[in-house]
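Notes to accompany the following structure.
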Protein chains: 2
Amino acid sequence: MDEVFKALADGSRRSLLDRLHARNGQTLNELCEGLAMSRQAVTKHLVILEEANLVTTIRHGREKLHYLNPVPIHQIGERWIRKFERGKLAALGELKRQLEKRDE
Amino acid sequence: MDEVFKALADGSRRSLLDRLHARNGQTLNELCEGLAMSRQAVTKHLVILEEANLVTTIRHGREKLHYLNPVPIHQIGERWIRKFERGKLAALGELKRQLEKRDE
DNA sequence: TTGACATGCAACCATTTGGTTGCCTATTGT
DNA sequence: ACAATAGGCAACCAAATGGTTGCATGTCAA
């Protein structure tokens, strides 16, 4: 879980996930196109995404195809964000009350 | 949005949010209790959470009360995770197909 | 078979991050 | 009034991070 959060913390990595979401199964070079970053930098980001299990790769000859794995993202939603949804209204109400009390 | 992802990337910060979720409106010292970290380290984390708007503080005399703001977390769920939920099954199916093709 | 293409590896670098310590300031209870 | 309490500020530090460059390797196509 921690690896996933860490992987998602970087904007470049999130945009790589966006790219794969738009078109799955891209090669490294395809993913580099139009990015203001060296190929090696992209490689490093992809390795981090792989280690977080957000991306799975398949070698096909000299090419490496990258596939989005949506499961960890889904788990963040289910296991983490959901927890804070419960009690969200209570927390918001309390926050509002305290902020109003402050102005007295 | 980026600030929120960055803030959530650290496990200590996520556990501070957990603590506030369990009991809202805690002081700095209360939030420090039982943590293997100096008070100043906790302060730094709380500042980052405040800057990401995940925590709102209210001074009350010499005490500073910390309140959880669940809105940014909710937004991550709505604006970001949701996007990947759409097409999740398609992505999973494609991933499965490619992984099977590999073994041929 | 050999040159071009796709990717991998390693060393290096600056900046950010997460933490510490020491001291200062403000508020409160007795 | 004053000691204890709650928190703030600043300097410092090691390690992690995000990036670079140069070169090596593996695969394909002419």
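Residue numbering restarts at 1 for every chain, and letters A, B, ... go by the order of the sequence lines.
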Is there a path from A:Leu35 to A:Val47 through hydrophobic residues (I, L, V, M, F, W, Y) whose side chains come within less than 4.5 Å of each other? no

Salt bridge (charged side-chain N to carboxylate O under 4.0 Å, His left out) partners of B:Asp2, counting only residues at least two apart: A:Arg14, B:Lys6

Give, ordered by number, those residues of residues 16-40 of chain B having at least one heavy-atom distance below 4.0 Å to an atom of DNA chain C; if nothing qualifies, reply none. B:Met37, B:Ser38, B:Gln40

Between protein and nucleic acid, restricted to nucleotides 14-18 of chain D and to nitrogen or oxygen atoms under 3.5 Å apart, what atom pairs and distances do you find?
residue: D:dG18; atom: OP1; partner: A:Asp10; partner atom: OD1; Å: 3.3
residue: D:dG18; atom: OP2; partner: A:Arg13; partner atom: NH1; Å: 3.2

Check this for me, if you would: do A:Glu85 and A:Arg82 make a salt bridge, where the nitrogen-to-carboxylate-oxygen distance has to be below 4.0 angstrom? no

Counting distance only, does the side-chain N/O of A:His66 pair as donor-acceptor with the main-chain N or O of A:Lys64 below 3.5 Å? yes

Protein-nucleotides 26-29 of chain C N/O pairs closer than 3.5 Å?
residue: C:dT27; atom: O2; partner: B:Arg62; partner atom: NH1; Å: 3.1

Begin from the C-alpha positions of B:Leu49 and B:Leu20 and carry the test side chain to side chain contact (heavy atoms under 4.5 Å, CB included) through to its verdict. CA-CA 12 Å; B:Leu49 291 170; B:Leu20 286 179; over 6 Å; no

Pair B:Val55, B:Leu16 - check side chain to side chain contact (heavy atoms under 4.5 Å, CB included), show working. CA-CA 10 Å; B:Val55 162; B:Leu16 284 171; over 6 Å; no

Pairs satisfying side-chain hydrogen bond (donor to acceptor under 3.5 Å, both in side chains), at least one member in residues 33-45 of chain B, at least two apart: B:Arg13-B:His45

What's the CD-P distance between B:Glu51 and C:dG18, to the nearest Å? 12 Å

Would you call B:Lys96 and B:Glu100 a salt bridge, using N to O less than 4.0 angstrom? yes

Would you say the side chains of B:Thr56 and B:Glu50 form a donor-acceptor pair under 3.5 Å? no

Output a table of donor-acceptor pairs, distance under 3.5 Å, between side-chain atoms of residues 67-81 of chain A and any protein atom two or more places apart or on a different chain; print 'none' if there are none.
residue: A:Tyr67; atom: OH; partner: B:Gln98; partner atom: OE1; Å: 3.3
residue: A:Asn69; atom: OD1; partner: A:Val71; partner atom: N; Å: 3.2
residue: A:Asn69; atom: ND2; partner: A:Asn53; partner atom: O; Å: 3.0

